[in-house]
Amino acid sequence: MVNGFMRKLKQFIFDYLRKKMPERHPRFPHLDQPLKVMIVYESDLLERNDAIKSIRQDLLRRQMDVTMWGYVEKKEINTLILPQSRILGVGDYNFFGKPRDYVLEDLQAEQYDLLIDLTTRPSLPLRYITMYTNADFKVGLNMGEGIHDMLISLPDLTPEQGEEAALEASWLYDQIMGFITTIKSND
């Protein structure tokens, strides 16, 4: 009962803060120009994130400046905090689930052309990161929060395919880049 109450309270606080955010005026990214890109993702427990590193390499090949912020549900983070890569943990958030001031300062110190949210499951810590990132255009999976400028919806899967097949960061990245490339080509 206490966990359910805390989850609802944290969600209520997030919703309140989201409504207080200034109105967004998104600008669609043009992939033919060098872009500064932020990737938001769910880190694996070992903090290896091979799929995310492959996605980063793809964006680097496209001549983009890439920053990655992940989150893992544990207290001790082993990965170093680097200018282009950071993994947050439970200790980086306060009792009510909001990122601590030092996290928000670091996050809001940069401006990005594009935010790619590769979150595949509801994650309040990552929704905060997406919400507070200064990005001209934000894209991610449709989870009904109202924090993205473009939403990707999951396909209808047969039971044999299983939902896990579609809920991978690399699949979501391919969908996002496919849409962005298609929309760009129709400008």
Side-chain angles (χ1 to χ4, degrees), residues 1-21 36-60 64-112 114-135 138-148 152 163-164 166-173 176:
M1 182 164 159
V2 173
N3 280 342
F5 173 75
M6 281 306 295
R7 191 171 25 257
K8 287 179 183 179
L9 178 61
K10 288 178 180 181
Q11 183 64 48
F12 176 80
I13 292 169
F14 173 81
D15 292 338
Y16 174 79
L17 293 172
R18 182 177 46 84
K19 290 175 185 171
K20 293 287 186 186
M21 293 294 291
K36 191 168 186 177
V37 179
M38 165 66 97
I39 297 174
V40 176
Y41 66 97
E42 302 156 281
S43 176
D44 58 46
L45 281 175
L46 298 176
E47 302 172 29
R48 289 193 183 137
N49 304 306
D50 293 330
I52 302 302
K53 289 176 183 173
S54 295
I55 290 167
R56 181 177 188 274
Q57 289 303 317
D58 180 59
L59 290 169
L60 290 172
M64 296 184 193
D65 180 13
V66 183
T67 300
M68 308 180 310
W69 279 46
Y71 176 79
V72 64
E73 190 77 28
K74 64 182 191 178
K75 292 182 181 181
E76 292 292 319
I77 303 300
N78 300 318
T79 305
L80 294 174
I81 296 174
L82 302 171
Q84 300 296 320
S85 179
R86 182 173 190 169
I87 297 177
L88 302 173
V90 175
D92 294 307
Y93 293 81
N94 67 21
F95 179 74
F96 296 106
K98 185 178 179 212
R100 297 195 183 276
D101 289 341
Y102 66 88
V103 172
L104 292 176
E105 288 170 11
D106 290 351
L107 183 64
Q108 294 179 325
E110 297 290 330
Q111 173 66 36
Y112 300 93
L114 174 64
L115 178 138
I116 300 174
D117 182 354
L118 297 176
T119 307
T120 58
R121 291 174 286 160
S123 170
L124 191 61
L126 290 172
R127 291 192 330 234
Y128 269 112
I129 298 305
T130 298
M131 181 173 73
Y132 282 118
T133 298
N134 292 321
K138 299 178 182 183
V139 61
L141 194 60
N142 186 1
M143 291 191 214
E145 293 104 9
I147 56 176
H148 299 99
I152 304 296
E163 289 186 29
E164 292 300 317
L167 295 179
E168 294 180 13
S170 56
W171 176 88
L172 183 55
Y173 171 75
I176 289 169

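Worth saying up front: this structure is predicted, and the values here are computed from it rather than measured.
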Open item on the list: Are N134 and E110 packed together at the side-chain level, in the sense that at least one heavy-atom pair is separated by less than 4.5 angstrom?
Closed with: no
TODO: Looking only at non-hydrogen atoms, find the nearest pair between A135 and L114 and report the distance.
DONE: CB-C, 4.4 Å
- [ ] With rounding to the nearest 0.5 Å, note down the distance linking CG in D92 to OH in Y102.
- [x] 3.5 Å
- [ ] Tell me, yes or no, whether the heavy-atom count around R100 atom CZ, taken from other residues, nucleotides or ligands under 6.0 Å, exceeds 12.
- [x] yes
Task: Heavy-atom pair with the smallest gap, counting every atom of S123 and Y71 - done: OG-CD2, 4.3 Å
Task: Side-chain touch V40/T119, heavy atoms, less than 4.5 angstrom - done: yes
TODO: Classify the ring geometry between Y128 and F14 as parallel (under 30°), tilted (30 to 60°) or perpendicular (over 60°).
DONE: perpendicular
TODO: Taking all non-hydrogen atoms of both residues into account, name the closest pair between I87 and E47 and its distance.
DONE: CD1-CB, 3.8 Å
Task: Spatial distance of atom CE (M21) from atom OH (Y132) [nearest 0.5 Å] - done: 6.0 Å
TODO: State, with a plain yes or no, whether a side-chain heavy atom of M38 is found less than 4.5 Å away from one of L107.
DONE: yes
Open item on the list: Quick one, R86 and D106 - any side-chain contact, counting heavy atoms below 4.5 Å?
Closed with: yes
Open item on the list: Quick check: do E168 and T120 have side-chain heavy atoms less than 4.5 Å from each other?
Closed with: no
Open item on the list: So which atom in T130 and which in K138 form the shortest heavy-atom distance, rounded to 0.1 Å?
Closed with: O-NZ, 2.7 Å
Task: D50 CG to D44 CG distance, which is reported to the nearest 0.5 Å - done: 7.0 Å
Task: Closest heavy-atom pair and its distance - H148, V139 - done: CD2-C, 3.5 Å
Task: Interatomic spacing from CG in L59 to CD1 in I39 - rounded to 0.5 Å - done: 5.0 Å
Open item on the list: How about CD on E76, more than 12 heavy atoms from neighbouring residues, nucleotides or ligands closer than 6.0 Å, or not?
Closed with: no
Open item on the list: Within the structure provided, determine whether I147 and R127 are in side-chain contact (heavy-atom separation under 4.5 Å).
Closed with: yes
Task: Y16 vs K20, side-chain contact (heavy atoms from CB on, under 4.5 Å): CA-CA, chis, key distance, verdict - done: CA-CA 7 Å; Y16 174 79; K20 293 287 186 186; 3.2 Å; yes
Open item on the list: Can you give me the closest heavy-atom contact between P83 and T67, atom names plus distance?
Closed with: O-CG2, 3.9 Å
TODO: For K98 and I13, run side-chain contact (heavy atoms from CB on, under 4.5 Å): C-alpha distance rounded to whole Å, both residues' side-chain angles, the deciding distance at 0.1 Å, then the answer.
DONE: CA-CA 8 Å; K98 185 178 179 212; I13 292 169; 5.5 Å; no
Open item on the list: What's the separation between atom OH in Y112 and atom CE in M64, rounded to the nearest 0.5 Å?
Closed with: 15.0 Å
Open item on the list: Do V66 and Q57 have side chains that approach each other closer than 4.5 Å (heavy atoms only, starting at C-beta)?
Closed with: no
TODO: Answer whether the closest heavy-atom distance between the side chains of I176 and L118 falls below 4.5 Å.
DONE: yes
Open item on the list: Are there over 12 heavy-atom neighbours, none belonging to L45, within less than 6.0 Å of that residue's CG?
Closed with: no
- [ ] Rounded to the nearest 0.5 Å, what's the gap from CG on D15 to NZ on K10? Could you check?
- [x] 14.5 Å
